[in-house]
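Working notes, structure below.
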Number of protein chains: 2
Amino acid sequence: MEPSIDSGASLRRGVRESAPTLNVRLSDADAIPFPTRTVERGDALYCAGEPLRSLYTVQSGCFKTVATYPSTDDDSAPHTQVTGFHFANETLGLDGVCTSRHESDAVALETSVVRIMPVGILEPLCREYAAMQHELLAIMSAEIVRASRLALMLGTMPARERVAAFLLDFSERLEAGAASELLLPMTRADIGSYLGLELETVSRMLSKLQREGAIGLNGRQVRIVDRAMLAHH
Amino acid sequence: MEPSIDSGASLRRGVRESAPTLNVRLSDADAIPFPTRTVERGDALYCAGEPLRSLYTVQSGCFKTVATYPSTDDDSAPHTQVTGFHFANETLGLDGVCTSRHESDAVALETSVVRIMPVGILEPLCREYAAMQHELLAIMSAEIVRASRLALMLGTMPARERVAAFLLDFSERLEAGAASELLLPMTRADIGSYLGLELETVSRMLSKLQREGAIGLNGRQVRIVDRAMLAHH
DNA sequence: CGCCACTTTGAGGCGCTTCAACAAACGTGG
DNA sequence: CCACGTTTGTTGAAGCGCCTCAAAGTGGCG
């Protein structure tokens with residue numbers, strides 16, 4: 001896929017069009033000669049603990065971010081969880097700004113291309129262009145909201161609703177926008193880790209949604225049949 | 001409490017000292033004549049949906065932020081959850097930057113004082129001072145990490161560990177720093193909502209931790225007796 | 001073709017929720 | 001001041017949802 005000039009489209013849902021000031025935004029970063037990098041399926045774009053050199057915008061493909069947490073424990077297995085999936089036009093590495101080190105691993109779920117934006121260049125750019133600064137802040141804020149929504153889901157929803165919400169969210173974030181034919185790039189285990197469920201539970205809930213007629217299911221191929229049924233339950 | 005000049009202390013754990021550039025940071029915002037506001041216990045500093053006018057730094061007291069989420073449902077009760085507690089020197093309102101509207105309610109758990117930083121002033125200031133911009137980005141990044149950690153906890157830990165982790169986190173975030181005598185400003189229901197548990201479960205786990213000798217317990221007074229026992233389990 | 005990673009489905013058990021009763025602390029008005 | 005309702009906290013018993021363990025099925029790829 002060639003890097004499209006998405007000058008009109010905002011980078012994320014909920015991001016406002018920029019102020020009428022100088023119109024240079026992250027979305028327009030195509031205009032800036034940032035290099036790109038290709039990451040093969042299963043390879044890490046970066047790992048937790050590495051010094052933060054750049055932020056990355058997904059050009060094509062898909063990543064998962066995996067947090068490894070020594071837990072409150074010392075010897076036993078550390079907690080680990082998929083904290084997010086990231087598709088085209090989404091930005092990776094934001095969680096590392098605070099410590100100047102990456103807080104999680106970013107692993108490609110398929111062969112993917114990212115645009116590399118060095119933080120040493122990004123921050124001065126944002127000081128120069130108000131719209132760019134505003135958009136970076138907006139992107140980070142959106143990431144806070146995203147993480148909080150995840151926490152809310154993990155804290156309040158039963159398994160069935162979590163899986164349903166995951167499918168809806170996934171379909172809405174696709175470039176096509178609200179497609180009904182999905183091809184999941186991640187395993188049941190990944191989904192389960194993300195949703196705070198076991199992979200067997202994810203599988204069972206998908207099967208149940210299929211029996212109820214809300215979705216069509218064939219391995220990683222999912223067809224959303226009844227959106228309302230997924231949403232209202 | 002008078003607004004202390006915490007010029008040396010960083011605003012949050014994990015935030016690096018600023019670069020050797022012009023030394024104007026959010027931490028030094030005392031130097032800027034931002035107004036303050038007092039919020040009585042139980043009152044809202046802001047509510048979800050309101051337009052974002054300012055960010056707020058807690059001077060004294062404590063807040064909870066509550067997310068109300070229409071859920072995937074229409075008629076039944078909406079999901080609601082405490083997404084965070086915020087003590088002195090912590091910043092409120094960051095989740096609203098992306099939509100220019102607050103995403104949650106902020107309610108004072110006790111009579112509290114905040115410093116009001118209008119976003120219309122803050123963004124230009126950050127463009128002028130690199131260190132200030134960097135610190136704002138760092139604070140937002142730290143909030144992403146915080147929310148992700150919460151999600152990780154909700155996704156992986158059993159009830160006992162959640163409560164133990166909550167107590168440790170609380171004690172570390174106190175101004176005194178790692179105090180062992182805590183006075184919880186929030187109810188069991190608040191804690192439960194935050195941890196994705198029922199209030200009865202929180203109460204049971206606290207009692208259990210007391211029986212095991214990890215803490216002393218008397219209503220909202222908690223004394224941390226054995227830190228290792230809380231951490232390593 | 002045969003291996004391996006992934007998925008599905010079943011059966012049983014545990015952890016947390018739910019429902020319920022009671023105790024304690026608090027504020028309020030008589 | 002104490003009686004009173006309200007809010008908060010504790011503890012018990014029963015039930016269910018998800019996890020755990022197990023086994024078989026499926027698809028991709030060397």
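In what follows, every heavy atom counts, from backbone to side chain, and hydrogens, waters and symmetry copies are set aside. Convention: sequence-line order gives letters A, B, ...; per-chain numbering from 1.
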Donor-acceptor pair, B/Y56 side chain versus B/L45 backbone, under 3.5 Å? no
Is there a side-chain contact between B/L154 and B/R162 (heavy atoms, below 4.5 Å)? yes
Measure CG/B/L217 against P/C/dA24 and give the value in whole Å, please. 15 Å
In whole angstrom, what separates A/L154's CG from C/dC16's C1'? 16 Å
Determine yes or no for a side-chain-to-main-chain donor-acceptor pair under 3.5 angstrom, with A/S54 supplying the side chain and A/I116 the backbone. no
Non-hydrogen atoms of A/G93 and A/Y46 that approach each other most closely: N-OH, 3.2 Å
B/S203 side chain N/O closer than 4.0 Å to the phosphate oxygens (OP1, OP2) of D/dT11? no
Rounded to the Å, how far apart are A/L209 CG and C/dT9 P? 13 Å
Just the rounded figure in Å: distance from C1' of D/dT10 to CD1 of B/I191. 14 Å
Would you kindly say whether B/S104 and B/D95 are connected by a side-chain donor-acceptor distance under 3.5 Å? yes
Could you state the atom-to-atom distance from CG of B/D190 to P of D/dT8 in whole Å? 8 Å
Atom CG of B/L199 to atom P of C/dT18: distance rounded to whole Å? 10 Å
What salt bridge (charged side-chain N to carboxylate O under 4.0 Å, His left out) pairs are there with at least one residue in residues 183-210 of chain A, not counting sequence neighbours? A/K64-A/D190
Per-nt protein contacts along nucleotides 12-30 of chain D (heavy atom under 4.0 Å; B base, S backbone sugar-phosphate only, - none) come out as BB----SSBB---------
Whole angstrom value for the distance that separates C1' of C/dT8 from NZ of A/K208: 15 Å
Can you measure A/R188 atom CZ to C/dA5 atom C1' for me and round it to whole angstrom units? 13 Å
